[in-house]
Amino acid sequence: MGAETRVAVLLPLPLREAYDYRVPDGMTLNHGDFVEVPLGPRRVIGVVWGSGAGVVEARRLKPVVRRFDVPPMTAVARRFVEWVAAYTMTLPGFVLRMAVSVPAALEPPKPILAYLKRPDALAPPGFKMTDARRRVLALLEDGPPRMPGELAEEAGCGATVVRGLAEAGLLEPLLLPPAPPLGRPDWARPGPALSAHQEAAADDLRGRVQAGGYSSVLLDGVTGSGKTEVYYEAIAAALKQGKQALILLPEIALSAQWLDRFARRFGAAPAEWHSELTGSQRRDTWRAVAKGEVPVVVGARSALFLPYPDLGVIIVDEEHDSAYKQEEGAIYHARDMAVARAHLGGLPIVLVSATPSLETKVNADSGRYARIELPSRHGGAQLPEVALVDLRRDRPPARHWLAPSLRKALTETLAGGEQAMLFLNRRGYAPLTLCRACGHRMQCPNCTAWLVEHRLARKLQCHHCGLQQPLPPACPECGEEGTMAACGPGVERIAEEVAALFPDARAAIMASDTLSGPRAIQEMVRKITDHELDIIIGTQVMAKGHHFPMLTLVGVVDADLGLNGGDLRAAERTYQLLHQVAGRAGRGERPGTVMLQTFMPEHPVMQALAAGDRDGFYQLEAEMRQDAGMPPFGRLAALIVSGEDPTLVDRVAMALGRAAPRSETVHVLGPAPAPLALLRGRHRRRLLLKAPRATQVQPLIAEWLGRVEIPPAIRVQIDVDPYSFL
DNA sequence: AGCACGCCGACT
DNA sequence: GTCGGCGTGCTC
Ligand SMILES: [Zn+2]
Ligand SMILES: [Zn+2]
């Protein structure tokens, strides 16, 4: 290596393989280098993946255009891309695209333009001095050079005023070096005093980080057991060794409070990586990470693919959270990929949860993962009191959704000056709108889904493709006016019911589409903490790390959601919800009450939840999955066949069904209409492969697909370890 | 993923 | 007669 004349370059495109390029004279390339190469008529970026394979004759090779001045992609990172591609059965280039998500970061940062006053400047003829212009010049009389945007803001004028002055030659342009990276977290700062249990746990993790090498640990403890302080010590240990630490968090948990808490421990905030970042923030962060200037990154699942030079530890907080499953584009589970990343990089990974996923719990039980249990620091009861509300007997009034017993509890809670939360995982006002005259249902033209009414926005909306349309004044089918009726509840409708029942209560909706970014989450937390709200109606439970002592009642409007549908993890999610509520709500002496509205109170899962029986719940859940041969005791993979022509989709799906591998232990179910049989205008059929746990499903599927001709108009997506069945 | 080439309908 | 629709196919 080093003096190669041809190299294989992997491009972040859905191509079958890496392409060979000629290394021009005077250029030296190493494996992992980021390069620009010609591709057809255009130029694209890529990564030197290895030595040229030599299939294409040398004289046909195009030369590498240039090498970018950034540290090369490490061998571990490259192997990770290949591993993810192989595991998820996506093209390597597609996975690489996640690792080079910010092409602009490869270019050296542009110097920043700032202005200084020109002492000798004379106004050109025709120049008019205005108030705004005078204010800008006055600002520059003292103080440092400032960027045009800053100047405009401080002077309270538009950007054009500054530009006008610059064009008139009254400002001295100055190119400042790009902003230095923000403060670095300091591992040497003394941490808080830890309890004996925490200290023992921290010692264990520190030891693993210092020793290096792969290991997986489940850090299991209820909210309030101090898990975060414990994993901070693992991070400190990694930083001490000059390595980086990555903390994965579900997006909703990445609040401003979380960042503040980290900053209090380490003296500086970590670098953030989530969907709310601007283009320039992404660029600066990516580049700084690549250059080893960022010791700690906290982020959502895509942070896994950042260019860490030498990762020392990975923390997956809230490891059970289903937000780690990426369903669009490349389909992968970030928690599982993180474990693979740790394995490849030879470093410890810590999976953190108060309610571990069954997968992780089984791994810990079997000894594949180590387990550290943290007892509650406060001792005593952990689960709140759980009451089942039997909706068959305790019925809400027609077209209302809160049962009399829940209403009564709300009344008492509010009378006592305490707060309540109502939980319903349905955005909008009503999930279905139909015509009372003819029965016509408002459906999305592109998806097999009802249009959801959003009354506040005065729109019907498809939650799958984003289609929006105004509420029709008359039925589009029969033309009758005033016959369109909302069916079923969403959070907006619950809010309406609450407003009618408790006109004086201060209520607010907290939904994933109304709360985006750490700032919005922080504001909501503040309102609850400062008791500016009495009732919160939410689609999800608030971010971790918050405790609301005045919140003493939580009502789950529909605890059955998905429990008897095909959703494998519905029971787990309800259990996790209860636990989160327990962690957020109530005071020491008043732990709070959770009321679960259900049509099947006798269901064993409901009974286990009501009894607060953690072990019983997990055991029941494990037995059910084991009997059904479902994960984590069996393996699943889904094939989604999609295309615009339903007949062709059916034909291909049938052909796949006929060619399916079948044996004593491997079964293929389907083809059946996929959960969303029509999505964004594409018809979908699904085949489900079920195999014993130890089966390597990828070669099986590859062989299977090889036996069937797939026309170009048809796409076959593979979801290894499918998560949602909805 | 782009961006070409390529073969059939309505426009200057 | 051209302009342009986007259906297949290639890019080292
Ligand atoms: Zn009608
Ligand atoms: Zn839709």
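Proteins get letters first, then strands, A, B, ... in listed order; numbering begins at 1 in each.
Contact annotation for A:Leu11: no contact, since no heavy-atom pair falls under 4.0 Å across all strands. Residue A:Pro12 is classed as having no contact, given no heavy-atom separation below 4.0 Å to the nucleic acid. In this structure, A:Pro712 reaches neither bases nor backbone, as no heavy-atom distance under 4.0 Å exists between it and the strands shown.
Taking atom CZ of residue A:Arg60 and atom P of nucleotide C:dC10, one finds them 12 Å apart after rounding to whole Å. Atom CG in A:Leu61 sits about 13 Å away from atom C1' in C:dT11, given to the nearest Å. Distance A:Ile45 CD1 to B:dG2 P: 12 Å, rounded to the nearest Å. As a whole-Å value, the separation of A:Leu13 CG from C:dC12 C1' is 12 Å. Protein atom OH of A:Tyr21 is 10 Å distant from nucleotide atom P of C:dT11, rounded to whole Å. For the pair A:Leu15 CG and C:dG9 P, the interatomic distance rounds to 16 Å; values are reported in whole Å. One interatomic measurement links the two molecules: CZ of A:Arg715 to C1' of B:dA1, which rounds to 13 Å at whole-angstrom precision. Whole-Å rounding puts the A:Glu17 CD to C:dC10 P distance at 14 Å.
Of the residues listed (A:His333, A:Arg335, A:Glu572, A:His320), the one engaging A:Ser357 in a side-chain hydrogen bond (donor to acceptor under 3.5 Å, both in side chains) is A:Arg335, and it is the only one.
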Checking salt bridge (charged side-chain N to carboxylate O under 4.0 Å, His left out) for the pair A:Glu453/A:Arg426: CA distance, chi angles, key distance, verdict?
CA-CA 11 Å; A:Glu453 179 183 350; A:Arg426 274 205 198 125; over 6 Å; no

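Phosphate contact (OP1/OP2 of B:dG2, side-chain N/O of A:Arg42, threshold under 4.0 Å): present. Considering only side-chain N and O atoms, A:Tyr19 lies nowhere under 4.0 angstrom from the phosphate OP1 or OP2 of C:dT11.
Between A:Asp645 and A:Arg682 there is no salt bridge, since no side-chain N of the basic residue sits under 4.0 Å from a carboxylate O of the acidic one.
Taking the six-membered ring wherever Trp is involved, the centroid distance between the rings of A:Phe34 and A:Trp286 falls below 6.0 Å.
Nearest nucleotide to the A:Asp20 side chain, out of C:dC12, B:dA1, B:dC3: C:dC12.
Residues meeting the salt bridge (charged side-chain N to carboxylate O under 4.0 Å, His left out) test with A:Arg6, sequence neighbours left out: A:Asp20.
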